[in-house]
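Okay, structure first, notes after.
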Amino acid sequence: LHRPNIAARLDPTVADDFVRWLGRVAITVPDPGVVRAVPPDPDDDHLVAFALIGHAEVIVSGDAHLLDLSGPTPRILSPVAFAQFVDALR
């Protein structure tokens with residue numbers, strides 16, 4: 001959230017509130033090791049591996065390789081789609 005291109009679009013209070021909320025609902029998981037899940041971009045494999053071991057329902061990413069995945073991985077949402085998802089939960 002501190003990257004200039006992201007921070008320029010966020011109200012600091014909203015960003016702080018989001019980080020606090022995420023801290024309440026997030027879980028931590030041990031390193032799952034190597035999982036081959038994103039053939040076009042192996043650098044993204046670790047994201048899917050962590051999501052699988054943590055039983056994540058959603059991966060939030062703007063990465064095209066992840067957004068193009070289909071199959072048994074958790075649902076992958078763009079940041080905008082995730083924000084809409086979170087708003088619907090409130």
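We number each residue from 1, following the sequence as shown.
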Ring-face cation of R75 near F82 (centre distance under 6.0 Å, axis angle within 45°): no
For [X], check side chain to side chain contact (heavy atoms under 4.5 Å, CB included) against everything at least two apart and list the hits.
{"X": "V48", "answer": "A37, V38, L52, I59, L66, L69, T73"}
{"X": "R9", "answer": "N5"}
{"X": "P79", "answer": "V60"}

Same apolar cluster: L67 and F50, side chain cutoff 4.5 Å: no
Same cluster (ILVMFWY, side-chain, under 4.5 Å), V29 and I76: no
Just distance, no hydrogens or angles: give the donor-acceptor pairs under 3.5 Å from side chains in residues 13-28, sequence neighbours left out.
from: D17; atom 1: OD1; to: R20; atom 2: NH2; distance (Å): 2.6

Residues which pass side-chain hydrogen bond (donor to acceptor under 3.5 Å, both in side chains) with D63, listed by chain and number, not counting sequence neighbours: none
D41: side-chain hydrogen bond (donor to acceptor under 3.5 Å, both in side chains) partners, not counting sequence neighbours: H65
